[in-house]
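One structure is given below, encoded as structure tokens.
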Amino acid sequence: MTLDVYYESLCPDSRNFLVTQLNPNWPTLSTFTDLRLVPFGKATFVSNPEGGWDFECQHGAAECRGNILHACGIKYSPSVTQALNFTTCLMDAPISGKSCAESAGLDYTPIDACQNDVEGQNLVHDYGVETLNLDPTLTFVPWLIYNKVWNESNQWESLTNVTGVACNNAPANTPACLV
């Protein structure tokens, strides 16, 4: 079963979902869920004449910087569990990249280099192209897509019961869902 989470680094609803639903339930979900974290949300971008990209984000410039930090952390995480731990930590401490990387067992050096280079901009640009081409169009953040299909009831129920929704979208007799 796949779950794609389109979110923003400083969005209160994104924070609430990662901190109270996705991360605490990940030990169960991880046994049957292929998770993708996509930091972009309701942002826009234009190419910068000097190279790279300029972003405008729903919650301001700090969120744009945060999305880049999240994207770099995701790229340099050997496992999705480490990526989720890093991004969830940043939801509570948005500028604590180094300490969040350490708590997730990540080397901060490549993450920091990425966020301070066009590499991080390119990652968020690619997430942006994907997000802006969603069908249906993203209207809320976090935007949650199970098995590559957005469904309104899955979207809203996941905000309070992600495990239940994930199990409803998982193959029959998924062991973690038979409890």
Side-chain angles (χ1 to χ4, degrees), residues 1-44 57-60 62-71 73-74 77 79-97 99-101 103-106 124 127-128 130-179:
M1 195 231 29
T2 64
L3 172 57
D4 298 330
V5 178
Y6 296 84
Y7 74 100
E8 297 164 339
S9 67
L10 294 184
C11 167
D13 291 312
S14 294
R15 180 201 172 278
N16 188 53
F17 178 70
L18 263 69
V19 171
T20 70
Q21 283 295 313
L22 191 56
N23 193 272
N25 290 292
W26 184 243
T28 299
L29 294 171
S30 67
T31 64
F32 65 95
T33 305
D34 178 10
L35 175 67
R36 287 184 64 242
L37 298 167
V38 184
F40 186 79
K42 296 181 178 178
T44 59
C57 298
Q58 186 176 6
H59 302 95
E63 180 166 84
C64 294
R65 290 190 299 275
N67 288 348
I68 291 171
L69 176 57
H70 281 239
I74 292 163
S77 291
S79 75
V80 70
T81 296
Q82 287 172 292
L84 179 59
N85 287 338
F86 177 70
T87 56
T88 302
C89 174
L90 288 173
M91 286 299 191
D92 282 329
I95 57 170
S96 301
S99 62
C100 286
S103 73
L106 299 174
V124 175
Y127 284 145
E130 178 183 340
T131 300
L132 293 168
N133 283 292
L134 288 170
D135 184 17
T137 303
L138 171 152
T139 57
F140 182 84
V141 181
W143 191 249
L144 308 169
I145 299 180
Y146 292 85
N147 298 325
K148 306 299 179 196
V149 178
W150 185 84
N151 170 286
E152 188 166 12
S153 63
N154 287 345
Q155 167 72 37
W156 303 117
E157 191 180 335
S158 293
L159 299 179
T160 54
N161 183 18
V162 70
T163 302
V165 176
C167 282
N168 287 342
N169 286 278
N173 300 314
T174 296
C177 299
L178 296 175
V179 208

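Nearest heavy-atom pair across P39 and I74 is CD-CD1, 3.8 Å. The heavy-atom pair separating Q155 from L144 by the smallest distance is OE1-N, 2.9 Å. Here the closest heavy-atom approach between residue L35 and residue L84 is recorded as CD2-CD2, 4.3 Å. Heavy atoms only, all atoms of each residue included: F86 and A104 are closest at N-CB, 3.8 Å. Scanning both residues, M91 and V19, for their nearest heavy atoms gives CB-CG2, 4.0 Å. When all heavy atoms of C57 and A43 are compared, the closest pair comes out as SG-CB, 3.9 Å.
Interatomic distance, OG of S14 versus CG of L159, reported as 9.5 Å (0.5 Å rounding). With rounding to the nearest 0.5 angstrom, the CG atom of N168 is 10.5 Å from the CE atom of M1. Remark: Q82 CD to L106 CG distance equals 5.0 Å, nearest 0.5 Å. D13 contributes atom CG, which lies 11.5 Å from atom CG of L18 (distance to the nearest 0.5 angstrom). L29 CG to D34 CG: the interatomic distance, rounded to the nearest 0.5 Å, is 12.5 Å.
A heavy-atom distance below 4.5 Å is not found between the side chains of F40 and E130. Counting heavy atoms from C-beta outward, C167 and F32 have side chains that approach closer than 4.5 Å. T131 has its side chain out of reach of W143: every pair of non-hydrogen atoms, C-beta onward, lies at least 4.5 Å apart. Contact check for T88 versus W26: no side-chain heavy atoms found under the 4.5 Å cut-off. Counting heavy atoms from C-beta on, the side chains of T174 and P171 come closer than 4.5 Å. Proximity of I68 to S9: side-chain heavy atoms (C-beta onward) are nowhere separated by under 4.5 Å. Under the 4.5 Å side-chain criterion, counting only non-hydrogen atoms from C-beta, T2 is in contact with K148. Here the side chains of H59 and P12 are in contact, with some heavy-atom distance below 4.5 Å.
For the side chain to side chain contact (heavy atoms under 4.5 Å, CB included) with S158, the lone residue among V165, L22, L3, T163 that qualifies is V165.
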request  = Begin with the C-alpha distance, continue with both residues' side-chain angles, and end with the deciding distance and a verdict on side chain to side chain contact (heavy atoms under 4.5 Å, CB included) for W150 and L134.
outcome  = CA-CA 9 Å; W150 185 84; L134 288 170; over 6 Å; no
message = Checking I145 against Y6 for the side chain to side chain contact (heavy atoms under 4.5 Å, CB included) test, could you report, in this order, the C-alpha distance in whole Å, the side-chain angles of both residues, the deciding distance, and whether it holds?
response = CA-CA 8 Å; I145 299 180; Y6 296 84; 3.7 Å; yes
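Using a distance-only test at 3.5 Å, with no hydrogens or angles considered, a donor-acceptor pair links the side chain of E63 to the main chain of L10. A donor-acceptor pair under 3.5 Å is formed between the side chain of N25 and the backbone N or O of Q21.
Using a 3.5 Å distance cut-off with no hydrogens or angles, the side chains of Y7 and T87 do not pair a donor with an acceptor.
Shown here is I95, whose CD1 atom has no more than 12 heavy atoms of other residues, nucleotides or ligands within 6.0 Å.
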